[in-house]
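Worksheet for the structure shown next.
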Amino acid sequence: MRSALLLLLWLAAALPAAHAADWLTWRKVGEATLTWGPFDVYRSQLSTPDGRYTGLQQDQALLITYQRSISRDELVDATREQWQAQGIPDSEPNSAEWLRRLQAIWPDVNQGSQLAFVVNNGQGQFWYRAPTDRSAFTPLGPPQSATFSERFLAIWLGPRTQYPELRLQLLGGKP
């Protein structure tokens with residue numbers, strides 16, 4: 001009985017790392033850097049299993065590597081602003097709850113921190129790696145619904161994004 005319990009605990013601990021390893025081997029679609037004036041805010045990379053982008057519903061990983069410190073409050077506020085610009089709060093009654101969830105699971109980030117959002121089989125998952133830990137990503141919070149995943153990725157990849165040049169680069173185009 002004790003052996004079975006230890007095996008179950010080991011599998012539960014290893015499973016998130018195994019899922020992280022899957023998306024880390026996906027092929028790059030494109031990459032872009034968000035700048036604010038003369039400052040780089042973050043570098044982003046979009047990957048898919050085959051390196052081709054076909055839409056918000058497919059398996060994909062958006063990896064953001066921060067180039068400066070940003071508080072969780074600022075990250076959530078920026079998400080809210082981007083969703084407002086796209087009209088998401090008007091059409092999505094769950095958006096306020098989603099923002100509360102993000103406030104609860106996102107960390108403050110520092111230069112070199114990495115935050116990834118991975119959609120696999122219709123569900124999204126946030127992953128985090130601190131700048132001092134280059135070994136493994138840690139999952140943040142529970143898996144997210146397909147609707148949340150599409151709305152979140154629309155910030156960068158949707159046709160109504162506030163950053164069309166960034167979108168073009170993430171999708172493999174040239175600025």
Side-chain angles (χ1 to χ4, degrees), residues 16 19-20 23 29-48 53-131 137-171 173 175:
H19 284 297
W23 63 266
V29 176
E31 59 190 351
T33 300
L34 178 68
T35 57
W36 187 258
F39 304 105
D40 288 349
V41 178
Y42 62 73
R43 293 189 180 117
S44 53
Q45 178 179 308
L46 179 66
S47 300
T48 64
Y53 180 78
T54 60
L56 290 171
Q57 297 81 22
Q58 81 179 103
D59 289 354
Q60 58 195 289
L62 179 67
L63 175 64
I64 297 175
T65 303
Y66 290 91
Q67 304 303 301
R68 59 181 286 265
S69 296
I70 304 173
S71 73
R72 93 178 62 208
D73 293 338
E74 291 173 302
L75 292 173
V76 172
D77 287 344
T79 301
R80 178 183 296 108
E81 290 169 7
Q82 293 302 310
W83 279 351
Q84 287 172 338
Q86 293 185 23
I88 290 172
D90 297 331
S91 63
E92 182 52 63
N94 292 321
S95 62
E97 174 57 30
W98 291 343
L99 291 167
R100 281 190 292 276
R101 241 186 277 156
L102 294 177
Q103 183 73 38
I105 65 172
W106 276 352
D108 296 335
V109 296
N110 298 304
Q111 182 177 3
S113 296
Q114 293 182 303
L115 187 62
F117 188 68
V118 180
V119 177
N120 205 347
N121 296 319
Q123 287 194 314
Q125 178 68 56
F126 287 103
W127 296 87
Y128 175 75
R129 180 161 60 184
F137 280 85
T138 304
L140 297 176
Q144 305 297 321
S145 70
T147 302
F148 172 90
S149 299
E150 288 180 32
R151 300 300 190 275
F152 184 73
L153 289 172
I155 293 170
W156 296 270
L157 304 174
R160 297 180 66 195
T161 181
Q162 299 299 293
Y163 302 105
E165 194 170 293
L166 194 82
R167 177 183 188 265
L168 176 67
Q169 293 172 32
L170 285 169
L171 299 181

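Numbering of residues begins at 1 and proceeds along the displayed sequence.
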Query - For Asp73, salt bridge (Lys or Arg N to Asp or Glu O under 4.0 Å) partners two or more places apart - result: none
Query raised in the report: Which heavy-atom pair separates Gln111 from Pro131 by the least distance, and what is that distance?
Result: O-CB, 3.4 Å
Query - ring pair (Phe, Tyr, Trp, His ring centres under 6.0 Å) partners for Tyr53, two or more places apart - result: none
Query raised in the report: Which residues satisfy the salt bridge (Lys or Arg N to Asp or Glu O under 4.0 Å) test with Arg129, sequence neighbours excluded?
Result: none
Query raised in the report: Quick one: which of Leu34, Ile70, Thr35 gives a side chain to side chain contact (heavy atoms under 4.5 Å, CB included) with Tyr42?
Result: Leu34
Requested in this report: Could you list the residues that satisfy side-chain contact (heavy atoms from CB on, under 4.5 Å) with Glu31, not counting sequence neighbours?
Outcome: Lys28, Gln45
Query - Shortest non-hydrogen contact between Ala154 and Leu56, atoms and distance - result: N-CD2, 4.2 Å
**Report entry** Partner residues of Thr65 under the side-chain hydrogen bond (donor to acceptor under 3.5 Å, both in side chains) criterion, sequence neighbours left out
**Finding:** Gln114
Requested in this report: Evaluate side chain to side chain contact (heavy atoms under 4.5 Å, CB included) for Phe137 paired with Leu63, printing each intermediate quantity in order.
Outcome: CA-CA 11 Å; Phe137 280 85; Leu63 175 64; 3.9 Å; yes
Requested in this report: Output all residues satisfying salt bridge (Lys or Arg N to Asp or Glu O under 4.0 Å) with Glu74, sequence neighbours left out; order by chain, then residue number.
Outcome: none
Query raised in the report: Do you know the tightest heavy-atom contact between Gly141 and Ile105?
Result: CA-CG2, 3.8 Å
Query raised in the report: Looking only at heavy atoms, which two atoms of Leu140 and Pro107 are closest? And how far apart?
Result: CD1-CD, 3.8 Å
Query raised in the report: Could you give the distance from CG (Asp108) to CG (Leu75), rounded to the nearest 0.5 Å?
Result: 8.0 Å
Requested in this report: Output the distance between atom CG (Asn120) and atom OG (Ser149), rounded to the nearest 0.5 Å.
Outcome: 10.5 Å
Query raised in the report: Residues two or more places apart in sequence or in another chain: which of them pass side-chain contact (heavy atoms from CB on, under 4.5 Å) with Glu97?
Result: Arg100, Arg101
Query - side chain to side chain contact (heavy atoms under 4.5 Å, CB included) between Thr79 and Trp106, worked out - result: CA-CA 12 Å; Thr79 301; Trp106 276 352; 3.4 Å; yes
Query raised in the report: Hey, what's the ring geometry for Phe152 with Phe126, parallel, tilted or perpendicular (30° and 60° as the breaks)?
Result: perpendicular
Query raised in the report: With Thr54, which residues qualify under side-chain hydrogen bond (donor to acceptor under 3.5 Å, both in side chains), at least two apart?
Result: Gln58
Query raised in the report: How close do Gly122 and Asp59 get, heavy atom to heavy atom, and via which atoms?
Result: N-OD1, 4.3 Å
**Report entry** For Trp83, all residues meeting side-chain hydrogen bond (donor to acceptor under 3.5 Å, both in side chains), sequence neighbours excluded
**Finding:** none
Query - Those residues that, when tested against Glu92, pass salt bridge (Lys or Arg N to Asp or Glu O under 4.0 Å) (two or more places apart) - result: Arg151
Report task. Could you tell me whether the side chains of Ser69 and Asn110 share a donor-acceptor contact shorter than 3.5 Å? Result -> yes
Report task. List the steps, then state whether side chain to side chain contact (heavy atoms under 4.5 Å, CB included) holds for Phe117 with Ile155. Result -> CA-CA 12 Å; Phe117 188 68; Ile155 293 170; over 6 Å; no
Query raised in the report: What's the spacing between Arg167 CZ and Glu165 CD if we round to 0.5 Å?
Result: 13.0 Å
**Report entry** Spacing of CG belonging to Leu157 relative to OG belonging to Ser44, to within rounding of 0.5 Å
**Finding:** 9.0 Å
**Report entry** side chain to side chain contact (heavy atoms under 4.5 Å, CB included) assessment of Thr147 paired with Asn94
**Finding:** CA-CA 10 Å; Thr147 302; Asn94 292 321; over 6 Å; no
Query raised in the report: Taking side chain as C-beta onward, heavy atoms only, is Leu170 less than 4.5 Å from Tyr163?
Result: no
**Report entry** For the student: nearest non-hydrogen atoms of Arg160 and Ala85, plus distance
**Finding:** NH2-O, 4.0 Å
Requested in this report: Applying side-chain contact (heavy atoms from CB on, under 4.5 Å), name anything that partners Pro142, two or more places apart in sequence or on another chain.
Outcome: Gln144
Requested in this report: Any chance you could measure Leu153, atom CG, to Thr161, atom OG1, to the nearest 0.5 Å?
Outcome: 11.0 Å
Query raised in the report: Measuring from Thr33:OG1 to Ile64:CD1, what's the distance to the nearest 0.5 Å?
Result: 11.5 Å
**Report entry** Residues forming a side-chain hydrogen bond (donor to acceptor under 3.5 Å, both in side chains) with Gln67, sequence neighbours excluded
**Finding:** Arg43
